[in-house]
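Everything on this sheet refers to the single structure shown next.
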2 protein chains.
Amino acid sequence: MTARRKPAIIETGSLSYGMLPGLLGFHLRRAQVSLFKHFARTVGQVAGITPGLFGMLQVIAANPGLAQSRLAEAMEVERSTIVKVVDQLEARGLIVREPSAVDRRSHCLELTELGRAELARMEQLVLAHEAELAAKLTPEDRQELTRLLIQLAD
Amino acid sequence: MTARRKPAIIETGSLSYGMLPGLLGFHLRRAQVSLFKHFARTVGQVAGITPGLFGMLQVIAANPGLAQSRLAEAMEVERSTIVKVVDQLEARGLIVREPSAVDRRSHCLELTELGRAELARMEQLVLAHEAELAAKLTPEDRQELTRLLIQLAD
DNA sequence: CGGCTTTTGTTTCCTTGGTGAACAATATCC
DNA sequence: GGATATTGTTCACCAAGGAAACAAAAGCCG
């Protein structure tokens, strides 16, 4: 190697991210990591839940009697992934698998009383978390961001 | 259970997401999943790389001689996480760990010739991927989205 | 009706990123 | 020179997810 070595003295602040700042994915990921950490500090720490599990719970609550396969489609994950999620939520007493009256293969997911109570509590925390996030943007910007994200996701 | 059972007949299309559509995190996640899948189809399949690894490679390329600890800070992950990443990239012959001249504890990360060539190829694929994504938005909207994401991430 | 085909939930194994704790070697500070 | 901090590493873990195989149950079709 005959090439001259570059200085290689790089302070944390002045470090280059190459082409990354020109990519939507980079900023999308940063925003999500930031949001996720905020969720963990505010909602997660208090209610012991992750964004993913909260989302599952929301969909189950909003669609009583939902079969696991439908939930998998809604969340765009495989059926085998749903099994673990449902196991967790059931183990915590938040939901139950009830046998379907019309199809003996499928399980109807339902919230328990505890599940309803816990979800209500979580929702308050999530709304507070959302409000803190939204404070970084004007109401119009928040609306605009939502619109653009939907457009990007198709 | 004496309560009347709700119909529980829910077609995939007409299923409710509860309060999720009102949350930024929901749309952020959807957009990212969509983008990630697109990246996997276009860049990943061809160049065998993930958004995460590509990002690491970019930062290493843009900051020759970077120490692993600095990289960890830049990517906001733990040092122990970086070890595996560097192992992978080194195993593929894209980078090398060179001993630092000034600190015998630290390793200076450098791209190899192969690494530079591969990265250049990846960059072309990434730019094409980005262009396809950006096609969903007007140029102004893309700019606006970037601005809002940065603002949200702090 | 009876035989294929599909769907549903499940289990098992694997992969990907990531964490935290402990550790040896090396720097740094007082 | 001795305490303290930093660097890279290993190891054991965890969470989210996917793939494949499977049994039970539905559904289809001749």
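Atoms considered below: every heavy atom in the structure, side chains included; atoms not considered: hydrogens, waters and symmetry mates. All chains are named by letter (A, B, ...) in the order of the sequence lines, taking the proteins before the strands, and each is independently numbered beginning at 1.
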Within less than 4.0 Å of OP1 or OP2 of dT7(C), is there a side-chain N or O belonging to Gln68(A)? no
Integer-rounded Å distance: dG9(C) P and Leu89(A) CG: 15 Å
Rounded to the nearest angstrom, tell me the gap between atom NE2 in His107(B) and atom P in dA24(C). 17 Å
Provide, to the nearest angstrom, the distance between the NZ atom belonging to Lys37(A) and the C1' atom belonging to dT19(C). 12 Å
If you compare every side-chain N and O of Ser80(A) against the phosphate oxygens of dT10(C) (OP1, OP2), does one of them come in below 4.0 Å? no
Protein-nucleotide distance (Leu109(A), atom CG; dG9(C), atom P), rounded to Å: 8 Å
Can you see whether Glu98(A) engages His107(A) through a side-chain donor-acceptor pair at a distance of less than 3.5 angstrom? no
If the threshold is 4.0 Å, N to carboxylate O, is there a salt bridge linking Asp141(A) and Arg147(B)? yes
Counting only heavy atoms not in Glu132(A), do more than 12 fall under 6.0 Å of its CD? yes
Choosing from dA12(D), dG18(D), dG9(C), which nucleotide comes nearest the side chain of Lys84(B)? dA12(D)
Find the distance Leu53(B):CG to dG18(C):C1' and express it as a whole number of Å. 13 Å
Can you tell me if the side-chain N/O atoms of Ser69(A) get under 4.0 Å from OP1 or OP2 in dG9(C)? yes
Rounded distance (Å) that lies between atom C1' of dT7(C) and atom CD1 of Ile82(A): 16 Å
With nearest nucleotides of DNA chain D determined for Glu78(A) and Asp103(A) from heavy-atom distances, which residue corresponds to the more 5′ nucleotide? Glu78(A)
Students often get this wrong, so: under 4.0 angstrom with heavy atoms, is Val77(A) touching a base, only sugar-phosphate, or nothing? sugar-phosphate
Value in whole Å for how far the C1' atom of dT7(C) lies from CG of Leu71(A): 16 Å
Kindly indicate whether the side chain of Arg105(B) and the base of dG8(D) share any N or O donor-acceptor pair separated by less than 3.5 Å? no
In whole angstrom, give the distance that lies between atom CZ of Phe39(A) and atom P of dA15(D). 15 Å
For Gln88(A), which contact category applies under a 4.0 Å heavy-atom criterion: base, sugar-phosphate, or nothing? sugar-phosphate
State which of dG9(C), dA26(D), dT9(D) makes the closest approach to the side chain of Arg104(A). dA26(D)
Less than 4.0 angstrom from a charged side-chain N to a carboxylate O is my criterion; do Glu130(A) and Arg142(A) meet it? yes
Validation row: Leu152(B), Arg30(A) side chains within 4.5 angstrom (heavy atoms): no
Respond yes when some side-chain nitrogen or oxygen of Arg79(B) is under 4.0 Å from OP1 or OP2 of dA22(C), and no when none is. no
